[in-house]
Enquirer: 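I'd like to ask you about the structure that follows.
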Amino acid sequence: MNVRRHHISAAALAAATALGLGTLTACSSDSAAAGNTDKFDVVASFYPMAFLAEQIGGEHVNVTSLTQPGQEPHDLEISAKQTAQLQESDAALYLKGLQPTVDEAVGQSEVKTKIDASTLTSLEEHGAESGGHEEEHADEHGAEEEHGHEEEPGHEDEHGHEGEGGKDPHIWLDPVKYAEVAEGVGKAFAKADPDHAADYEKNAEALAGKLNDLNTEFRTGLKDRKTDVFITTHAAFGYLAERYGLTEEAISGLDPESEPSGARVKELQRTAKADGATTVFYETLVSDKTAKTLAGDAGLRTDVLDPIEGITDSSRGDDYFQVMEANLKALRTALGAK
């Protein structure tokens, strides 16, 4: 496969050093850990894509993440060196609509295999309030119906975080949808690197099985609860809420950097009182100031609900599954699950 040397800016190196060596070695996809390779070279846009590539590719792949540990992925700006690295890779695995600069760079690159995770499952529109559907909605239709619903041509702009009417890209927070994506990635790897096709497909199947087990754990763990409503910093958990019959009320919309209006804050205070919400969740990669202010004014608790857009030393776990377990525990406490 391609042999290339990875470049890392001085600023990124300093940031990584400040986070500590643990964040550099926690995931082999960290770009600082990548080097020359003769394996199947995959450039992943951010952690959830890198995790898929590593789990499915195993020993046959070299995975490099464009997003540094601790960097908020929505804010990523692709450097010229990263663009060059993308050109030299064997495959790009990304999620269209989450990182506009990545979408543009991949679109303009000559990389042979381009895998857009958003085409491997169905996407929906979620705003500041999302979910609220009964759990049976997901179970009746099943993964078979959702799988393979590709986005219609001309709808690319609806993916973005610019407005709350856009398609929500946070599919990895629904274990069922993430499993669908895993199966699609396995098939794409097998097609691009047929010498190792059997291993890719076997690894993808194993990962999908673990994700389906996680889905069962969430469904069981959240079944007996006092309230369906939880409040978050930004609307990242719409798919999770819909999967398990919950309602997410977000301070901001799909973009974590958007500022809530005074009217929205007052609305959330009323909602919390009416629906018995107990907790305002914040995240590890975004400022907790607004969440703590709202919680203080409304007499609510605060806790972390991690959208798993990156793993750092402050994450409640070393990988996707560990952090999702921590998220389930936090939700059970906040919702009064027995």
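For clarity, every value in this text was computed on a predicted model and none was experimentally measured. Counting from 1, the numbers follow the sequence of the chain as shown.
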Enquirer: Please name the pair of heavy atoms, one in G107 and one in K114, separated by the smallest distance, quoted to 0.1 Å.
Expert: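 G107 and K114 have their closest heavy atoms at O-NZ, 3.5 Å.
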Enquirer: Please examine the side chains of Q99 and F46, heavy atoms only from C-beta on, and report whether any two atoms are closer than 4.5 Å.
Expert: yes
Enquirer: Distance only, no hydrogens: is a donor on one side chain within 3.5 Å (strictly under) of an acceptor on the other, for E248 and T232?
Expert: yes
Enquirer: Please round to the nearest 0.5 Å and tell me the distance separating atom CG of D297 and atom CD of Q269.
Expert: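 These two atoms lie 5.5 Å from each other.
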Enquirer: For the pair Y239 (side chain) and D168 (backbone), establish whether a donor and an acceptor sit closer than 3.5 Å, ignoring hydrogens and angles.
Expert: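 Side chain of Y239 to backbone of D168: a pair is present.
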Enquirer: When you compare the side chain of L328 with that of L214, does any pair of heavy atoms fall below 4.5 Å?
Expert: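 No, their side chains stay 4.5 Å or more apart.
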Enquirer: At what distance, to the nearest 0.5 angstrom, does NE2 of H170 lie from CD1 of I308?
Expert: 11.5 Å
Enquirer: Does V280 offer a backbone N or O that forms a donor-acceptor pair with the side chain of R301 under 3.5 Å?
Expert: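 Pair absent, no side-chain N/O of R301 close to backbone of V280.
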Enquirer: Would a 4.5 Å heavy-atom cut-off, applied to side chains only, mark D90 and T113 as touching?
Expert: no
Enquirer: Taking the side chain as everything from C-beta on, heavy atoms only, tell me whether L240 gets closer than 4.5 Å to L246.
Expert: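 Yes - at least one pair of side-chain heavy atoms lies under 4.5 Å apart.
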Enquirer: Can you tell me how far the CG atom of N215 sits from the CD atom of E217, to the nearest 0.5 Å?
Expert: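 It comes to 10.0 Å.
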Enquirer: Could you state whether V42 and V111 fall into the same hydrophobic cluster, counting links through intermediate Ile, Leu, Val, Met, Phe, Trp or Tyr residues with side-chain heavy atoms under 4.5 angstrom apart?
Expert: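 No, no single cluster joins them.
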Enquirer: Considering only heavy atoms from C-beta outward, does the side chain of V43 approach that of L66 to under 4.5 Å?
Expert: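 Answer yes - side chains close enough.
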Enquirer: Is the side chain of Q322 donor-acceptor paired with the backbone N or O of D318 at a distance under 3.5 Å, no angle test?
Expert: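 Present.
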Enquirer: Using the rule that Ile, Leu, Val, Met, Phe, Trp and Tyr join whenever any side-chain heavy atoms are under 4.5 Å apart, tell me whether L335 and Y244 fall into a single cluster.
Expert: yes
Enquirer: Short question: side chain of T121, backbone of A117 - any donor-acceptor pair under 3.5 Å?
Expert: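 Side chain of T121 to backbone of A117, a donor-acceptor pair under 3.5 Å: no, none is there.
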Enquirer: Should L300 and L294 count as side-chain neighbours, where that means a heavy-atom distance under 4.5 Å?
Expert: no
Enquirer: Answer yes or no: is there a donor N or O on one side and an acceptor on the other, between the side chain of Q87 and the main chain of E110, under 3.5 Å?
Expert: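 Judged by distance alone, yes, a pair lies under 3.5 Å.
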Enquirer: Any non-hydrogen side-chain atom of L95 less than 4.5 Å from a side-chain atom of W172?
Expert: yes
Enquirer: Can you check salt bridge (charged side-chain N to carboxylate O under 4.0 Å, His left out) on R316 and D303, steps first, answer last?
Expert: CA-CA 12 Å; R316 293 179 174 177; D303 200 357; 2.8 Å; yes
Enquirer: Quick check, are the ring centers of F281 and F237 under 6.0 angstrom apart?
Expert: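 No, they do not, as the ring centres are separated by 6.0 Å or more.
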Enquirer: Roughly how far, to the nearest 0.5 Å, is the CD1 atom of I251 from the OH atom of Y282?
Expert: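 Going from OH on Y282 over to CD1 on I251, the span is 12.0 Å.
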Enquirer: Atom CG in D38, atom CG in N62: separation rounded to 0.5 Å?
Expert: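 Taking CG in D38 and CG in N62, the distance rounds to 9.5 Å.
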Enquirer: Thinking salt bridges, do K39 and D193 make one under a 4.0 Å N-O criterion?
Expert: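 No salt bridge links K39 with D193.
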Enquirer: Is the side chain of S65 donor-acceptor paired with the backbone N or O of T67 at a distance under 3.5 Å, no angle test?
Expert: yes
Enquirer: Is there a donor-acceptor contact under 3.5 Å linking the side chains of E59 and H196?
Expert: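 Their side chains do not contain a donor-acceptor pair, so the 3.5 Å distance test is not met.
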Enquirer: With the side chain counted from C-beta on, respond yes when T302 and D288 share a heavy-atom pair under 4.5 Å apart, and no when they do not.
Expert: no
Enquirer: Linking I/L/V/M/F/W/Y whenever any side-chain heavy atoms sit under 4.5 Å apart, do V229 and L268 land together?
Expert: no
Enquirer: How many angstroms lie between CD in Q68 and OH in Y47, if you round to the nearest 0.5 Å?
Expert: 15.5 Å
Enquirer: Between the main-chain N or O of D228 and the side-chain N or O of T247, is there a donor-acceptor pair closer than 3.5 Å?
Expert: no
Enquirer: Tell me whether L222 is reachable from F321 by hopping between hydrophobic residues (I, L, V, M, F, W, Y) whose side-chain heavy atoms are closer than 4.5 Å.
Expert: yes
Enquirer: What heavy-atom pair brings G186 and A204 nearest, and what distance separates the two atoms?
Expert: CA-CB, 3.8 Å
Enquirer: May I ask whether V61 and I56 are part of the same hydrophobic cluster, defined by side-chain heavy atoms of I, L, V, M, F, W, Y residues being less than 4.5 angstrom apart, directly or through others?
Expert: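 In one cluster: yes.
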Enquirer: Checking the side chain of Y200 only, and the main-chain atoms of A188 only, is there a donor and an acceptor separated by less than 3.5 Å?
Expert: no
Enquirer: Taking all atoms of both residues into account, what is the closest heavy-atom pair of G317 and I311, and its distance?
Expert: O-CG2, 3.9 Å
Enquirer: Would you find a donor on one side and an acceptor on the other, under 3.5 Å apart, between the side chain of D103 and the backbone of G97?
Expert: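 Indeed, once roles are kept as given, a pair shorter than 3.5 Å links the two residues.
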Enquirer: Does the D275 side chain pair with the main chain of A277, one donor and one acceptor, at a distance under 3.5 Å?
Expert: no
